[in-house]
Amino acid sequence: MRFSQLLLPTLKEDPAEAEVISHKLMLRGGMIRKLTAGVYSYLPLGLAAIRKVEQIVREEMNRAGAQEVLLPMVQPADLWEESGRWEKYGPELLRFKDRHQRESCLGPTHEEVITDLVRKNIHSYRQLPVNLYQIQTKFRDEIRPRFGLMRGREFIMKDGYSFDVDEAGADVTYQKMHDAYQRIFTRCGLAFRAVEADTGTIGGSFSHEFMVLAATGEDVVVICQHCDYAANLEKATAQAEKDSRSEAPKEAEKIATPGRKTVSEVCEFLQIPHENLVKTMIYLADGQPVAVLLRGDHEVQPVKLQNLLGAQEVELADDGKVTQLAGAPAGYLGPVGLKIPLVMDQAVAGLVNFVTGANEADCHLVNVNSGRDFTPQHTGDIRMVNEDDRCPRCGGKLALTRGIEVGHIFKLGKNYSKALNATFLDDQGQSRHFVMGCFGIGVSRTVAAAIEQSHDRDGMIFPLPIAPFQVILLNLTPKDAEITAEAERLYRALTAAGIEVLLDDRDERPGSKFKDADLIGIPIRLMVGKRFKNDGLLELRTRSDGQTSEATPAAAEAVIREMVAAADKATTSDHD
RNA sequence: CGGGGCGUGGCGCAGCCUGGUAGCGCGCCUGCCUUGGGAGCAGGAGGCCGGAGGUUCGAAUCCUCUCGCCCCGACCA
């Protein structure tokens, strides 16, 4: 492709609308343009990167035995009513009526449609397992779209759905998809981790998120520094806390703690470590109040709490509600004598003679003991892991790092097959529900994540496998016939060798060409300029490390072919 | 949905407080000149100042309403 003919409107300055780096660079690099909030047009360069990711996804899905389909984007409400999600899904589902006043929606995901397709067309265990995927534009009417392609309303997604005869089969499929995802993100040239994730309200047994590691990620990932344990913050657990219950329980006593409300204030006043104080927080679980007991140095993980209680949603009660329920202001709450259900974090179970609020302003209780002074209705892991915690598997040090979720796989079980009554006949002639799995990849987000992960002050630094072009060839002096002839010859030769070359043939000064080449992050830069005229040498430079070398045209061509071949070799798949 | 900010040539911004009919940098077009890290000179094109209503002799500027966009939040006693 010739730069002079490519719609590649680069910008010198950061557009005011962009905050995060990938958004700024994609706008500056002429890859995307915004149409309206969370909705973007993909320009040729942006689309080229997206197509690269798509192709890798396609190859690996096919290799794993999945089949590509393309499902409708506009969907009838009936199906969603059948699954129960027409009510449940909420405002993210964009609903509208067609000309016949039929309720419809834009597909944010395709469990309903795929299950409908399969129930109508697959009737025997002999046809199973089957794994279907598509790569398509999704629409989710996000509360707050932001950060360009990172959280758009309209975005490109690969979504796949598997159908197995039983749990064992579904486990095999799940593992295949896990492996395929590992290959996909490895091939994309990204640093990532597969982390254990919460399965949420869908239930099911297992779920992994694939996180691209980047300081600007929205999600927090917990990674063991010694073994391969990795989980997201909603799911992560820590090695069990020390148990101090060998100590003899002492008699509980009420003491005055005037004006000391926070954990730090009380602990400082009483000269005790934070872990010896148990804080009490009132939550509303689906509207019902519960008191949550937690060590002073720990924090609640709401999703864990939600799961322990089997609640749809939990929220912290406001101060007015707290005072009304506990008879004391926030800061002085405790489990002793509270009339609402108690939920205790398991770390508290290992404590003896701890401090709590007294449910009375300016008072706390010391030497409180669980089982003697109060009895929790629920005990479990409801706290957030922190940097002081140790790995639950190996005891190694845990690190909290940030990531961008680019893939998510989980087992759906029979949720949708039951709701939509999707069945097949097994080898006994019995009707059974499909056991399903669901596997997503944010394709457009993956491109943004790659940029978040890899850039410098001059611009993007694309990994070779997903770069829009592999080589940018700069003709530094288009007015010079000899230099131009060589640039054109190289362009033809490299292109003929199957290498994707962007020829900068614009009548611009060299500085502008360097700046644009750096900005759009093409991995290999080849330059023809006056040095070619003087001593027949070209200059070769790699974007990632800035390494520059001079070479004869023949040598440069050979090096480039080798670099591209090496990347291809690492990413080429065998097709079944 | 709550809070904050912003809408002025393609992009980045000034002008608004203290009304008098729009300006700067970049980009774009023409010419000269220049050609290894976003050159220089000269000439030029391009704006219903987000929209509607109001106040006024007069509104980008003041008032009201409205639309759009961006950021933060919607979790810790």
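Below, all heavy atoms of this structure are taken into account, side chains as well, without hydrogens, waters or symmetry copies. The sequence lines fix the lettering, A, B, ..., with proteins before strands; numbering per chain opens at 1. Quick caveat: nothing in here was measured; it's all calculated off a predicted structure.
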>> Distance check needed: B/C13 P versus A/K12 NZ, whole Å only.
In response: 16 Å

>> When you compare the side chains of A/D381 and A/T237, does any donor N or O come within less than 3.5 Å of an acceptor on the partner?
In response: no

> What nucleotide, of B/C75, B/C70, B/C28, holds the atom closest to the side chain of A/A37?
Replying inline: B/C70

>> From CG of A/N359 over to C1' of B/A77, roughly how many Å is that when rounded to an integer?
In response: 13 Å

> What nucleic acid atoms does A/I282 come within less than 4.0 Å of, heavy atoms only: base, sugar-phosphate, or nothing?
Replying inline: base

> Does A/R509 put a side-chain nitrogen or oxygen below 4.0 Å from OP1 or OP2 of B/G38?
Replying inline: no

> Do A/N475 and A/D504 have side-chain N/O donor and acceptor atoms under 3.5 Å apart?
Replying inline: no

> A/D480 near the nucleic acid: base, sugar-phosphate alone, or nothing, with a heavy-atom cut-off under 4.0 Å?
Replying inline: nothing

>> Whether A/T477 contacts B/G36 is assessed here as follows: a side-chain N or O lying under 4.0 Å from the phosphate OP1 or OP2. Is that the case?
In response: no

> Would A/N367 and A/E253 count as having a side-chain donor-acceptor pair, cut-off 3.5 Å?
Replying inline: no

Tabulated below should be each protein N or O lying under 3.5 Å from an N or O of nucleotides 5-9 of chain B; please produce it.
none

>> Before we go on, tell me: are the rings of A/F354 and A/H364 under 6.0 Å apart, centre to centre?
In response: no

>> Whether A/R146 contacts B/C71 is assessed here as follows: a side-chain N or O lying under 4.0 Å from the phosphate OP1 or OP2. Is that the case?
In response: no

> Under 6.0 Å from the six-membered ring centre of A/W86 and within 45° of its axis: does the NZ or CZ of A/R95 meet both?
Replying inline: yes

> B/A77 P sits how many Å from A/F269 CZ, rounded?
Replying inline: 20 Å

>> Check this for me: does the side-chain of A/R525 come within 3.5 Å of the base of B/G37 through a donor and an acceptor?
In response: yes

> Atom CG of A/D505 and atom C1' of B/U35: how far apart are they, to the nearest Å?
Replying inline: 16 Å

> From the list B/C75, B/G37, B/C72, which nucleotide is the closest neighbour of the side chain of A/F514?
Replying inline: B/G37

>> Counting only side-chain heavy atoms from C-beta out, which of B/U35, B/C76, B/G38 sits nearest to A/P510?
In response: B/U35

> Looking for any heavy atom pair under 4.0 Å, which part of the strands does A/T262 touch: base, sugar-phosphate only, or nothing?
Replying inline: sugar-phosphate

> Base, sugar-phosphate alone, or nothing: which one does A/R28 contact when heavy atoms must sit under 4.0 Å apart?
Replying inline: base

> How close or far is atom P of B/C75 from atom CG of A/L294, stated in whole angstroms?
Replying inline: 17 Å

>> Within the 4.0 Å heavy-atom criterion, would you say A/P15 contacts the bases, only the backbone, or no part of the nucleic acid?
In response: sugar-phosphate

>> Would you measure the distance from the P atom in B/U18 across to the matching atom in B/C29 and give it in whole Å?
In response: 43 Å

> What integer distance in Å separates A/K515:NZ from B/G27:C1'?
Replying inline: 17 Å

>> Nearest whole Å is fine: how far is B/G73 P from A/E315 CD?
In response: 18 Å

>> Any side-chain N or O of A/K530 below 4.0 angstrom from OP1/OP2 of B/G36?
In response: yes

>> Looking at A/K533 and A/E486, is there a salt bridge between them, counting it only when a charged N and a carboxylate O are closer than 4.0 Å?
In response: no

> Taking atom P in both B/G68 and B/C41, what distance in whole Å separates the two?
Replying inline: 44 Å

> Which nucleotide sits closest to the side chain of A/M281: B/A39, B/C72, B/C76?
Replying inline: B/C76

>> If you only use heavy atoms from C-beta on, which nucleotide in B/C11, B/A77, B/G36 is closest to the side chain of A/M527?
In response: B/G36

> Are A/E539 and A/R531 close enough for a salt bridge, meaning some N to O gap below 4.0 Å?
Replying inline: yes

>> So A/V314, base contact, sugar-phosphate only, or nothing? Heavy-atom distance under 4.0 Å.
In response: nothing

> Considering Watson-Crick and G-U wobble pairs with both distances under 3.5 Å, what does B/U55 pair with?
Replying inline: none

> Counting side-chain heavy atoms from C-beta on, which of B/C70, B/U35, B/G68 comes nearest to A/T36?
Replying inline: B/G68

>> Side chain of A/E13 only, heavy atoms from C-beta on: which candidate in B/C72, B/G25, B/A77 is closest?
In response: B/G25

> A/F147 near the nucleic acid: base, sugar-phosphate alone, or nothing, with a heavy-atom cut-off under 4.0 Å?
Replying inline: sugar-phosphate

>> List the residues meeting side-chain contact (heavy atoms from CB on, under 4.5 Å) with A/M563, not counting sequence neighbours, and say none if there are none.
In response: A/I524, A/T542, A/V559

>> From the set B/C71, B/C69, B/U35, return the single nucleotide nearest to any side-chain atom of A/K479.
In response: B/U35

> Under 3.5 Å, side chain of A/R28 to main-chain N/O of A/L11, donor-acceptor pair present?
Replying inline: yes

> Ignoring hydrogens and angles, does a donor from either the side chain of A/D14 or the base of B/G12 sit under 3.5 Å from an acceptor on the other?
Replying inline: no

> Roughly, in whole Å, what's the span from CD1 in A/I143 to P in B/G73?
Replying inline: 13 Å

>> Regarding A/E452 and A/S22, do their side chains bring together a donor and an acceptor under 3.5 Å, going by distance alone?
In response: yes

> Starting at the 5' end of RNA chain B and moving along, which residue's nearest nucleotide shows up first, A/K261 or A/G38?
Replying inline: A/G38

